[in-house]
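Right, one structure below, let's go through it.
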Amino acid sequence: MSAEKANLFDLTREELTALFARWELSPVHAARLWKYLYWDCADSFAAMMDLPAKVHARLAAETRLGLLPTALETDSSDGFTRKYLLELTDHEKIETVLMRYTGRVTACISSQVGCAMGCVFCATGQMGYTRHLTPGEITAQAAHVQRALRVHGQRLRNVVLMGMGEPLHNYDAVMKAVDILRDQNGLSLAADRITVSTVGVVPGILRLAAEQRPMNLAVSLHAATQAGRAALVPAARKWQLDELMAACRTYSETTGRRIFYEWTLIEGKNDSADDARAVGALLRGLPAQVNLIPLNPTNGYNGVPTHLAAAHHFQRVLKEEFDLPSTVRQRRGIDIAAGCGQLAVAEKA
Ligand code: SAH
Ligand code: SF4
């Protein structure tokens with residue numbers, strides 16, 4: 001069965017080179033294959049025409065090219081957002097989003113099929129958890145987007161792990177995938193253009209700090225009190241707010257990096273000037289930027305998004321009273337359910 005063969009997208013460049021050494025094949029061929037995977041983004045072995053027959057024979061016998069076939073591709077009427085529904089070998093599906101706004105191209109990629117964290121306003125949380133993605137299923141999403149961009153002579157420069165799933169719940173696979181995405185002979189993404197967003201998995205944040213992992217970290221906060229947070233984010237009962245903030249402090253002290261704090265703005269729930277003051281007080285003294293995301297609609301939650309004027313007022317309070325920088329996330333791709341927290345797969349094949 002092809003599913004048992006090694007997925008080439010699972011391998012780091014070092015692992016691929018070691019595999020070729022075991023096969024007694026030249027490292028030059030391994031290097032060429034790597035370029036085919038992440039530079040040319042070849043969509044078949046047949047397209048890898050510069051590899052000799054003996055290499056092709058080995059690859060065909062022992063490996064597979066873990067491409068993710070597109071089950072559905074949808075373009076937003078805003079002209080900036082494209083969503084891919086991609087199929088995995090076990091027929092599970094995930095979503096990947098290509099965003100072309102704020103003057104740059106960004107891929108929003110998934111780390112799990114579904115999510116176990118159950119945030120009340122998130123469509124992925126509402127669908128529950130099915131399984132972790134492998135490193136290759138994560139890297140292949142980026143290669144998929146890069147393949148689409150190459151046609152227009154563009155290059156993928158930003159990746160956010162903000163699609164389906166909780167990246168730090170699938171730590172090892174995500175970190176291996178990030179290493180592959182950063183490889184200088186491949187997609188060569190800069191560390192500060194890769195962002196991992198977490199619901200607040202404290203052990204994962206501490207491990208990122210201890211391992212000095214080069215990437216941006218975003219932490220989903222949404223409320224500045226333990227009770228308020230636990231009502232929106234069930235995972236907050238396990239990793240409490242004070243513990244989370246201590247981990248964030250350790251992270252910033254150890255790595256010297258600021259953290260992006262995400263705040264989904266829900267009208268009447270967490271969007272008042274006093275809420276902004278509570279965020280400001282909570283983050284005082286920490287290197288931080290707040291990303292405000294007006295709530296996107298999902299079937300399972302009937303909250304209302306904060307109006308833009310109120311979001312800007314929230315932003316002003318953060319700036320003027322706490323000197324805390326923030327951005328309001330542009331609402332894009334909502335008509336195709338490609339906005340933050342809207343990714344879900346309705347039916348299983
Ligand atoms: N699991 C990770 C990353 C994926 S979600 C995390 O939770 O951080 C990416 C961001 O979208 C998170 O900040 C999340 O809280 C937010 N989000 C989820 N559902 C949303 C919704 N319906 N509207 C706006 N933002 C949402
Ligand atoms: Fe999972 Fe993030 Fe959605 Fe929460 S917001 S359910 S952690 S994907």
Side-chain angles (χ1 to χ4, degrees), residues 94-97 99 106-133 138 141 159-171 173-174 178 194-202 204-205 208 215-223 228-239 244 247-248 259-267 269-271 279 288-306 308 311 326-334 336-345:
I94 50 168
E95 294 192 317
T96 302
V97 181
M99 303 176 290
T106 300
C108 177
I109 64 183
S110 295
S111 57
Q112 296 177 318
V113 180
C115 182
M117 301 295 153
C119 303
V120 296
F121 46 68
C122 172
T124 314
Q126 290 158 14
M127 71 181 269
Y129 169 80
T130 303
R131 70 167 173 87
H132 289 319
L133 295 187
I138 301 170
Q141 292 174 67
V159 164
V160 292
L161 276 132
M162 293 189 187
M164 295 166 68
E166 165 49 47
L168 298 189
H169 184 206
N170 187 15
Y171 189 95
V174 166
V178 167
I194 301 175
T195 303
V196 167
S197 173
T198 178
V199 70
V201 177
V202 166
I205 295 170
L208 280 178
M215 67 193 76
N216 288 320
L217 177 64
V219 171
S220 297
L221 211 49
H222 312 309
R229 201 161 176 272
L232 295 171
V233 179
R237 292 173 209 149
K238 181 161 181 185
W239 298 295
L244 172 62
C248 290
I259 293 178
F260 298 89
Y261 293 91
E262 292 162 291
W263 191 275
T264 295
L265 283 167
I266 311 168
E267 191 177 80
K269 264 216 148 53
N270 65 355
D271 66 345
V279 186
Q289 177 173 320
V290 178
N291 291 344
L292 300 165
I293 317 170
L295 180 75
N296 292 315
T298 59
N299 284 336
Y301 185 67
N302 62 8
V304 175
T306 297
L308 209 53
S326 63
T327 57
V328 178
R329 187 83 48 91
Q330 297 180 58
R331 298 193 82 222
R332 291 275 164 79
I334 307 305
I336 56 165
C340 291
Q342 292 189 304
L343 303 186
V345 179

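Bear in mind the structure is a predicted one, so any value in this text is a computation, not a measurement. Numbering of ligands and ligand atoms starts at 1, following listing order.
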Closest to atom 15 (O) of ligand 1 among protein heavy atoms sits H222 NE2, 2.7 Å
In ligand 1, which numbered atoms sit nearer than 4.0 Å to a non-hydrogen atom of G165? 1 (N), 2 (C), 3 (C), 4 (C)
Under 2.8 Å from atom 1 (Fe) of ligand 2, which protein N/O/S atoms are there? C115 SG
With heavy atoms of S197 as the reference, note each atom of ligand 1 found under 4.0 Å away. 2 (C), 3 (C), 6 (C), 8 (O)
Within the distance-only criterion (no hydrogens, no angle test), does the side chain of R131 pair as donor or acceptor with the backbone N or O of V113 below 3.5 angstrom? no
Just to check, does P305 reach to within less than 4.0 Å of ligand 1 when the distance is taken from its heavy atoms? no
Taking only non-hydrogen atoms of I293 and a 4.0 Å limit, the atoms of ligand 1 in range are 24 (C), 25 (N)
Touching ligand 1 at all, G163? Heavy atoms, strictly under 4.0 Å? yes
With respect to L295, which candidate in N270, T306, D271, I266 satisfies the side-chain contact (heavy atoms from CB on, under 4.5 Å) definition? I266
Please write down residue, atom name and distance for the protein heavy atom closest to atom 10 (C) of ligand 1. E262 OE2, 3.7 Å
Does the N or O separation between F121 and ligand 1 drop below 3.5 Å for any pair? yes
Nearest neighbour in protein (non-hydrogen) for atom 16 (C) of ligand 1: T264 OG1, 3.8 Å
For ligand 1, which atoms have a heavy atom of C122 less than 4.0 angstrom away? 18 (C), 19 (N)
Is the backbone of L217 close enough, under 3.5 Å, to the side chain of T195 for a donor and an acceptor to pair up by distance? no
Closer than 3.5 angstrom, by distance alone: can the side chain of Y301 be matched with the main-chain N or O of V304 as a donor-acceptor pair? no
For the pair E166 (side chain) and L168 (backbone), establish whether a donor and an acceptor sit closer than 3.5 Å, ignoring hydrogens and angles. yes
Tell me the protein heavy atom at minimum distance from atom 23 (N) of ligand 1, and give that distance in Å. N296 N, 2.8 Å
When you measure from atom 19 (N) of ligand 1 to every protein heavy atom, which one gives the shortest distance, and what is it? G341 CA, 3.1 Å
Note the single closest protein heavy atom to atom 21 (C) of ligand 1, along with its residue, its atom name and the distance in Å. C340 O, 3.3 Å
What residue and atom, counting heavy atoms only, is the protein's closest point to atom 7 (O) of ligand 1, and at what distance? S220 OG, 3.6 Å
Of the backbone atoms (N, CA, C, O) and the side-chain heavy atoms from C-beta on, which set of T198 has a member under 4.0 Å from an atom of ligand 1: side chain, backbone, both, or neither? backbone
For T327 and N291, does a side-chain donor sit closer than 3.5 Å to a side-chain acceptor? yes
For ligand 1, is any non-hydrogen atom under 4.0 Å from E166's backbone (N, CA, C, O), its side chain (CB onward), both, or neither? both
Under 3.5 Å side-chain donor-acceptor pair for E262 and S197: yes
Which bit of M117 gets closer than 4.0 Å to ligand 1, counting heavy atoms only: side chain, backbone, both or neither? neither
Would M164 count as a contact residue for ligand 1, given that I'm defining contact as a non-hydrogen atom of the residue lying under 4.0 Å from a ligand atom? no
